Amino acid sequence: MEQVVIIGAGPAGYTAALYAARANLSPLVLVGRVPGGQLSLTSDIENFPGFPEGLGGMELVDRMKVQAERFGPVVRYEEATAVDFSPVAHRVITDTEVYTTRTLILCTGSTSRRLNVAGEDRFFGHGVSTCATCDGAFYRDRRVIVVGGGDSALEEGIFLTRFAHHVRIVHRRDVLRASRIMQHRAMENPRIEFVWNTVIEEVLGDERTGVTGARVKNLVTGTETVLDADGLFIAIGHIPSTELFKGKLALDEQGYIVTDRRQHTSVPGVFAGGDVQDHVFRQAITAAGTGCAAAMEAEKCIARGE
Ligand SMILES: Cc1cc2nc3c(=O)[nH]c(=O)nc-3n(C[C@H](O)[C@H](O)[C@H](O)COP(=O)(O)OP(=O)(O)OC[C@H]3O[C@@H](n4cnc5c(N)ncnc54)[C@H](O)[C@@H]3O)c2cc1C
C-alpha cells in the first residue's frame, strides 16, 4: 500500500511530491497525458518568484520535477482511468496497474476551452494565450484581440488595456453574457472596441513575428475580413479535469473540486491542489501553494493514523 498517490504532474503535483517526499512518504506521482501540465504549453514565465530574469514554462516545471526527484518520489508515466474511494484504502486504476493508497492528492488541473481554428495551436503560447494575468505584460503598446462575451472576457479585456493601446473584443453574438457592471466598464473604456456577431476563422502570423492578426467572419453578413493584432486571448472558459471524480466527491456547479481551506475534499484522506479546485487565481504559484498545503495535510492525516 502506498502512503500518498499524487495524480497530476504540473506545479501543484510536483510541489505536493516535493513536500511528501521530504516528509519521507515516498509518494507516487502519476503524470498523465500532459507531462509538466499547462506550463509546458507556454514560452515565458515572468511572475514565478525566485526567477527574476523569467524562464520558459517547460524549464520551470522541469526544475520542479528535478527538485522533487532529489527526495525520491516515484514518477510514473501513467494516466489514472478510475478511482475508488473507501474508508480502508483508496484505489487508483491505470491502464497497467491498480494502486492502493492511504491518501490521495488530486492535482489534475484544468484545460481552457479552445476555438479549434487554424493557426490556434501553431501560435499557442507564442501570441495566442488563455491568460491575460500571465501574458498581458508582453503586449505593452500593442494591439490585441480578446475572444468571448462573458464576464471573464470583459475582465481580461479591461485588464489588457493597462498594456495594449487597442483591445478588440470579438463576440459571436450582439449581446453580451457578462454582468451589467462589467459591460458598462468595458463600453466606457476608450481603448476597447467591440466586434459583434463575429467569429475567428484563422489566427494569422508567421514564425518570425508571431501573431499578426486574425481572419474573422461576420455571422450576419457572411463577410470575411482581417483584424490586425499582435496577440489573441481566448476567454471562453475553462474545463476542470474532474471527469474521473464525478459522483465520488463534491464538485461545485462548474465542476471544480470543492476543498476547504486546508485542501481537504469531501472524502477523508483525499486532498486536492492547483487549478482543479481553483477557478479564481489559476496561477503556477497558487497551484504550487495549494499542492504544498495538500501534501502537508496528507502527512498529518497519515501521522494521526486516520
Ligand atoms: C498558455 C498559458 C500560459 C500561462 N502562463 C502562466 C504564467 O505566466 N504564470 C503563471 O503563474 N501561470 C501561468 N499559466 C497558468 C498555469 O500554467 C496553471 O495555473 C498551472 O499550470 C496549474 O497547475 P496544476 O498543477 O494545477 O495543473 P496543470 O498544470 O493543468 O497540470 C495538470 C496535470 O494533471 C495531469 N492529469 C490530468 N488528468 C490526469 C489523469 N487522469 N491521470 C494522471 N494525470 C492526469 C496532467 O497530465 C498534468 O500533468 C499559464 C497557463 C497557460 C495555458
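Predicted, not measured: the structure shown is a model, and the values here were computed from it. Just so you know, ligand 1 is whichever comes first in the structure, and atom 1 is the first atom listed for that ligand. Heavy atoms only: backbone and side chains are in, while hydrogens, waters and symmetry mates are out.
Interface atoms of ligand 1 facing Cys107, defined by a heavy-atom separation under 4.0 Å, are 32 (C), 33 (C), 34 (O). Shown in contact with Ile7 at under 4.0 Å from a heavy atom are these atoms of ligand 1, numbered in order with element: 40 (C), 42 (N), 43 (C), 44 (N). Those atoms of ligand 1 that come under 4.0 Å of a heavy atom in Glu79, given as number and element, are 40 (C), 41 (N), 42 (N), 43 (C). Numbered from 1 in the order shown, with element, the atoms of ligand 1 that lie under 4.0 Å from a heavy atom of Leu244 read 41 (N). Every atom of ligand 1 with a heavy atom of Leu30 under 4.0 Å away is listed here by number and element: 43 (C), 44 (N).
Among protein heavy atoms, the minimum distance from atom 18 (C) of ligand 1 is reached at Asp275 OD2, 3.4 Å. Of all protein heavy atoms, the one closest to atom 31 (O) of ligand 1 is Gly37 CA, 3.4 Å. In terms of protein heavy-atom proximity, atom 9 (N) of ligand 1 is nearest to Asn47 OD1, 2.8 Å.
Taking 4.0 Å as the cut-off, Gly125 does not count as a neighbour of ligand 1 on heavy-atom distance. The shortest heavy-atom distance from Ser112 to ligand 1 is not under 4.0 Å. The closest approach between Tyr14 and ligand 1 stays at or above 4.0 Å for every heavy atom of the residue. Distances from ligand 1 to the non-hydrogen atoms of Ser110 include at least one value under 4.0 Å.
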From CA spacing to verdict: salt bridge (charged side-chain N to carboxylate O under 4.0 Å, His left out), Arg185, Glu188: CA-CA 5 Å; Arg185 279 188 204 151; Glu188 290 290 294; over 6 Å; no
side-chain contact (heavy atoms from CB on, under 4.5 Å) evaluation trace for Asp206 with Phe123: CA-CA 9 Å; Asp206 58 60; Phe123 293 109; 5.6 Å; no
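Salt bridge status for Arg177 with Asp151: absent, with no side-chain N to carboxylate O gap under 4.0 Å. Taking a cutoff of 4.0 Å between a charged side-chain nitrogen and a carboxylate oxygen, Asp230 and Arg143 qualify as a salt bridge.
Remark: the Tyr99 side chain and the Glu78 side chain contain an N/O donor-acceptor pair separated by less than 3.5 Å. Thr259 and Gln277 are linked by a side-chain donor-acceptor pair at a separation below 3.5 angstrom, with hydrogens and angles left out of the test. Residues Asn189 and Thr161 have side chains that bring a donor and an acceptor to within less than 3.5 angstrom of each other.
Of the listed residues (Gly109, Ala16, Ser241), the one carrying the non-hydrogen atom nearest atom 27 (O) of ligand 1 is Gly109. Comparing Thr130, Val61, Thr242 by heavy-atom distance to atom 53 (C) of ligand 1, the nearest is Thr130. Taking all heavy atoms of Cys134, Ala287, Ala82 into account, the minimum distance to atom 50 (C) of ligand 1 is reached by Cys134.
Inclusion of Pro11 in the set of residues having an N or O under 3.5 Å from an N or O of ligand 1 is warranted. Considering backbone and side-chain N/O of Gly274, none are found under 3.5 Å from N/O of ligand 1. Taking distance alone, with nitrogen or oxygen atoms compared against 3.5 Å, Gln283 approaches ligand 1 more closely than that limit. The shortest N or O to N or O distance between Ala80 and ligand 1 is under 3.5 Å. In terms of polar-atom proximity, defined here as any N/O pair under 3.5 Å, Ala284 does make such a contact with ligand 1. Geometrically, ligand 1 and Ala12 share a nitrogen or oxygen pair separated by less than 3.5 Å. Polar contact with ligand 1: absent for Glu46 (N/O pair, distance under 3.5 Å). At a 3.5 angstrom cut-off on N or O pairs, Ser129 does not count as close to ligand 1. Annotation: Ala9 places an N or O atom under 3.5 Å from an N or O atom of ligand 1; distance criterion only.
Both tests hold for Arg22 against Phe71: distance to the six-membered ring centre under 6.0 Å, angle to the ring axis within 45°. Taking the ring centre of Tyr139 as origin, the terminal cationic atom of Arg162 falls outside the region bounded by 6.0 Å and 45° from the ring axis.
Annotation: His171 is not in aromatic contact with Phe194 [ring centroid separation under 6.0 Å not met].
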